[in-house]
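Convention: sequence-line order gives letters A, B, ...; per-chain numbering from 1. Since the structure is predicted, the reported quantities are computational estimates derived from the model, not experimental observations.
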There are 2 protein chains.
Amino acid sequence: MEQTLTISIQDYLKNIYELTENGESASTNALASKLNVKPASVTGMMQKLASAKPALVEYQKHQGVTLTDDGKKAALEVIRHHRLLEAWLVQTLGYSWDEVHAEAEKLEHVISEDFERRIAAAMGHPLRDPHGELIPTADLQMPLDDSTPLSSLRASQSGIIQYVKTADSELLKHFETLGLIPEAELEVTGYSPFDHNLTIKIGRKSIVLGLNITSKIYVKES
Amino acid sequence: MEQTLTISIQDYLKNIYELTENGESASTNALASKLNVKPASVTGMMQKLASAKPALVEYQKHQGVTLTDDGKKAALEVIRHHRLLEAWLVQTLGYSWDEVHAEAEKLEHVISEDFERRIAAAMGHPLRDPHGELIPTADLQMPLDDSTPLSSLRASQSGIIQYVKTADSELLKHFETLGLIPEAELEVTGYSPFDHNLTIKIGRKSIVLGLNITSKIYVKES
DNA sequence: AAATAAATTTAGTCAAGACTAAATTTAAAG
DNA sequence: CTTTAAATTTAGTCTTGACTAAATTTATTT
């Protein structure tokens with residue numbers, strides 16, 4: 001018999017947030033499989049969260065759930081913790097991108113607001129975590145994302161690299177040798193509609209990049 | 001009605017460890033008041049821990065508890081986490097001695113062995129935490145304490161300050177201005193049996209210290 | 001529109017770990 | 001050696017958050 005470990009309310013809220021970022025409501029089933037819990041358990045928890053003193057979710061039978069403002073605040077708080085922790089573990093303890101997630105997952109629930117402030121300040125209040133995800137602000141707003149995949153740019157458009165989204169460290173190293181790192185400025189000089197290849201000029205080099213690369217590099221148009 | 005928050009097994013073990021450091025067994029009542037739990041709850045938990053697959057405590061009705069070797073290992077693991085965390089929070093995030101305890105208390109239960117190794121290495125494997133408490137070794141042994149209160153030295157004996165044990169930051173500042181800081185070397189030049197005052201020579205200065213001070217400064221005889 | 005499939009909820013069970021009140025054991029005092 | 005007090009344990013209750021199985025609702029097909 002599998003030991004059934006208990007899921008925190010914070011985890012419920014965080015996962016509802018993620019499932020509802022697209023504007024839709026989260027289904028009982030989706031939440032259940034995301035949290036490795038049976039659907040019936042989710043129903044029970046949703047009923048509880050919906051009737052909490054300040055309600056944390058909006059819940060109607062068979063209609064899925066969304067977060068209330070209070071629920072969203074709580075979710076963003078955990079997400080802020082998580083992403084600040086990831087950034088900080090990478091910066092100060094040399095964690096790699098793949099190792100850092102599990103550790104942050106555990107720490108995010110227990111750190112104090114004071115701890116949060118200290119690491120945020122120590123890093124100069126970063127905007128993104130090491131995976132490139134936006135970090136909710138101290139007043140619990142999710143910042144607007146002003147970046148777009150490089151693959152969406154066309155000839156004559158230029159941009160500044162914001163972050164690189166990949167879990168493949170080999171690929172990451174390749175990006176670095178090409179100069180494709182945050183802050184770098186580039187200009188698109190050509191576009192091939194057939195295979196979606198882009199020709200870009202970065203520094204004094206001109207290179208051709210496939211969609212497998214340009215879809216992982218996020219830029220801010222300039 | 002007070003919300004009754006649950007105490008982790010690790011906390012039970014850690015507190016049993018502390019209560020049994022003197023060699024005696026821990027009483028149900030002592031544990032209960034230390035953990036802010038009712039005695040009956042402690043009895044129940046002790047019965048559980050005693051009959052766990054590898055037993056964690058030695059427990060006989062009405063006789064108090066002690067830790068088994070497995071239990072002691074688990075306790076030292078948490079204590080190591082706690083003390084490494086305190087040292088690390090102070091060193092890297094500027095926590096003060098009084099702020100650091102509560103934060104470490106929460107983190108100690110969730111950090112990975114990997115995290116433990118990383119911070120230990122980052123600090124050069126410290127022997128003591130910021131309060132001067134010994135940090136259990138990586139293989140879960142409590143190091144021998146080779147330090148003694150300065151108040152136990154007598155004329156012509158000399159020593160090196162190991163740590164200062166006080167929660168009073170004013171007093172701590174006073175110590176610092178006197179040069180009474182870790183690593184400092186001193187020699188006892190006089191002793192007054194009536195009031196237990198010591199005259200010591202530190203650097204080129206000679207000063208007289210009362211028991212309120214000499215009992216808080218721990219030295220290694222040299 | 002009826003039938004079937006899929007998703008969700010209800011109802012009731014279980015384990016953990018706290019609690020209270022009552023019973024029991026040990027310790028202390030006369 | 002009794003008696004009383006203090007400490008501890010037993011017994012049974014409560015809450016939480018999982019689970020399963022059955023019932024119900026919604027969605028899809030023919």
Practice problem: Mind running ring-ring contact (aromatic ring centres under 6.0 Å, His included) on B/W88 and B/Y95 for me, showing each step along the way? | Solution: CA-CA 9 Å; B/W88 190 63; B/Y95 273 81; 9.8 Å; no
Practice problem: Would you kindly give the CG-to-P distance between B/L31 and D/dT8, to the nearest whole Å? | Solution: 10 Å
Quiz item: For A/T148 and A/L153, which heavy atoms make the closest approach, and how far apart are they?
Solution: CG2-CD2, 4.4 Å
Quiz item: So which nucleotide from C/dG17, C/dT9, D/dA18 ends up closest to the side chain of A/V37?
Solution: D/dA18
Quiz item: Of B/K61 and A/K48, whose nearest nucleotide on DNA chain D comes first from the 5' end?
Solution: B/K61
Quiz item: Just checking B/V42: base, sugar-phosphate only, or nothing, at a heavy-atom cut-off of under 4.0 Å?
Solution: nothing
Quiz item: In whole Å, what is the span from the NZ atom of A/K38 to the C1' atom of D/dA21?
Solution: 13 Å
Practice problem: State which of C/dA18, C/dT26, D/dC19 makes the closest approach to the side chain of B/Y12. | Solution: C/dA18
Exercise. Starting from the 5' end of DNA chain D, give me the residue, A/A40 or A/Q63, whose nearest nucleotide shows up first.
Key: A/A40
Quiz item: With respect to the phosphate group of C/dT8, does any side-chain polar atom (N or O) of A/N29 fall under 4.0 Å of OP1 or OP2?
Solution: yes
Quiz item: With a 4.0 Å cut-off on heavy atoms, is A/T43 in touch with a base, just the backbone sugar-phosphate, or nothing at all?
Solution: base
Quiz item: What is the distance from CD1 of A/I7 to P of D/dC19, rounded to the nearest Å?
Solution: 8 Å
Quiz item: Can you list the steps and then say if A/D139 with A/T137 is a side-chain hydrogen bond (donor to acceptor under 3.5 Å, both in side chains)?
Solution: CA-CA 5 Å; A/D139 62 336; A/T137 59; 2.4 Å; yes
Practice problem: Examine D/dT9: is either OP1 or OP2 under 4.0 Å from a nitrogen or oxygen in the side chain of B/T28? Give yes or no. | Solution: yes
Practice problem: Ignoring backbone atoms, establish whether B/S41 has a side-chain N or O less than 4.0 Å from OP1 or OP2 of C/dC19. | Solution: yes
Practice problem: Can you see which heavy atom on B/N197 is nearest to which on B/G210, and at what distance? | Solution: OD1-CA, 3.2 Å
Quiz item: Between C/dT9 atom P and A/Q47 atom CD, what is the distance in whole Å?
Solution: 7 Å
